Amino acid sequence: MHLLKDRGFAVPSSEVTSRDVYEGRRHMLKLLAMGAAGATLSAWAGRDALAQSTTVRPNKLAALPGSRSSVGGTMEKLTPYQDVTTYNNFYEFGTDKSDPGRNAHTLKTRPWTVAVEGEVKKPKVYDIDELIKLAPMEERIYRLRCVEGWSMVVPWMGYSMSELIKRVEPTGQAKYVEFVTLADPKTMPYVGSRVLEWPYIEGLRMDEAMHPLALLTFGLYGEVLPNQNGAPVRAVLPWKYGFKSGKSIVKIRFVEKEPRTSWVKANSGEYGFYSNVNPKVDHPRWSQATERRIGEDGIFQKKRPTLMFNGYESQVGQLYAGMDLAKYF
Ligand code: MTE
């Protein structure tokens, strides 16, 4: 039965065209564990093939295959592609959850460069296609928990940020990493609106950015990122609230001082620099103890308890040893 445990198992989404297929595999594992597999094996294989051939997804994007990763995997149900790509926060394209999916087609993701600069020995402007090939692409299934109280489970494609960081050789002065994202009023209709200060800026402490879970992300579900999810490159920090995961990054700066992030500038009483998922520290206006899983809506659906560090405490807890997490929220 140990196969069924949540311990870093991930199926590459090139093999997973739908949640049904994924659930089929899980059912199969259960049958195998019970020794009852033989009779149903062919039926299951047939169902898998059928699902693969009949799953139709509009606007299929370029494939971005990667190998399964043992980092951060979960056996929880994947949030359907449809929900991951139509329920978004990307304020450059509007503040409604459906705005990015409707408006982000104007974003131009080629040519695209990412300038890596500041306190590094080897600053460099990377072309996005060079950056994609910098390290082996991996599929990482992570929970994403938004500060607003909802969550998703997404098969992201990318590699650890540390792969890039070690290549540019940060100096001893580099204490933080700042992520600057695109702010182009010509293609992003809400840049210039007063909801936030643009460009959208996020930041991490160096040791957080170097943690293997911190993902430089280029795709999801085995394809390149849809524009509304932050194409062509974004961060994903699964133990932090979703807003730390800046989308459509154009600059990565290594700095000595803690960066002033967009949400801290907007309201430092409500949003802190760390923003680690913490069910014990409430947002001033609402509880953070539970969450609603997108795709599991319904009036009788019970909310899930939110886990410390979004369930990644054993991996990242040490980064914050001795810190007062109510103060450094
Ligand atoms: N990045 C930029 N540039 N602009 C944004 O408005 N929203 C953040 C984050 N990254 C945001 C952003 C928030 S609040 C969340 S919850 C996640 O993106 C949502 O990512 P998703 O739409 O892929 O689920």
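The analysis underlying the following values was restricted to heavy atoms, covering all of them including side chains, and did not include hydrogens, waters or symmetry mates. Counting starts at 1 for both ligands and their atoms, in listed order. Being a predicted model, the structure only gives us computed values, none of them experimental.
Looking only at atom types and distance, the side chain of E313 has no donor-acceptor partner in the side chain of Y320 under 3.5 Å away. Under 3.5 Å, the side chains of T74 and E76 contain a donor-acceptor pair of N or O atoms.
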Ligand 1 polar-atom proximity to protein (N/O, under 3.5 Å):
| residue | atom | partner | partner atom | Å |
| --- | --- | --- | --- | --- |
| ligand 1 | 1 (N) | K247 | N | 3.0 |
| ligand 1 | 3 (N) | E92 | OE2 | 2.9 |
| ligand 1 | 3 (N) | T181 | OG1 | 3.4 |
| ligand 1 | 3 (N) | K247 | O | 3.4 |
| ligand 1 | 4 (N) | E92 | OE1 | 2.8 |
| ligand 1 | 4 (N) | E92 | OE2 | 3.4 |
| ligand 1 | 6 (O) | Y91 | N | 2.8 |
| ligand 1 | 7 (N) | N89 | O | 3.3 |
| ligand 1 | 10 (N) | S245 | O | 2.8 |
| ligand 1 | 20 (O) | R234 | NH2 | 3.3 |
| ligand 1 | 20 (O) | K247 | NZ | 3.4 |
| ligand 1 | 22 (O) | N88 | ND2 | 2.8 |
| ligand 1 | 22 (O) | K247 | NZ | 2.7 |
| ligand 1 | 23 (O) | N229 | ND2 | 3.0 |
| ligand 1 | 23 (O) | R234 | NH1 | 2.6 |

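Between H283 and W286, the two ring planes are parallel [angle under 30°; tilted spans 30° to 60°].
Looking at K166 and E169, no side-chain N of the basic residue comes within less than 4.0 Å of a carboxylate O on the acidic one, giving no salt bridge.
T306 meets the side chain to side chain donor-acceptor pair (under 3.5 Å) test with R145, E291; sequence neighbours excluded.
Taking the six-membered ring for Trp and the full ring otherwise, Y312 and F309 have centroids separated by 6.0 Å or more.
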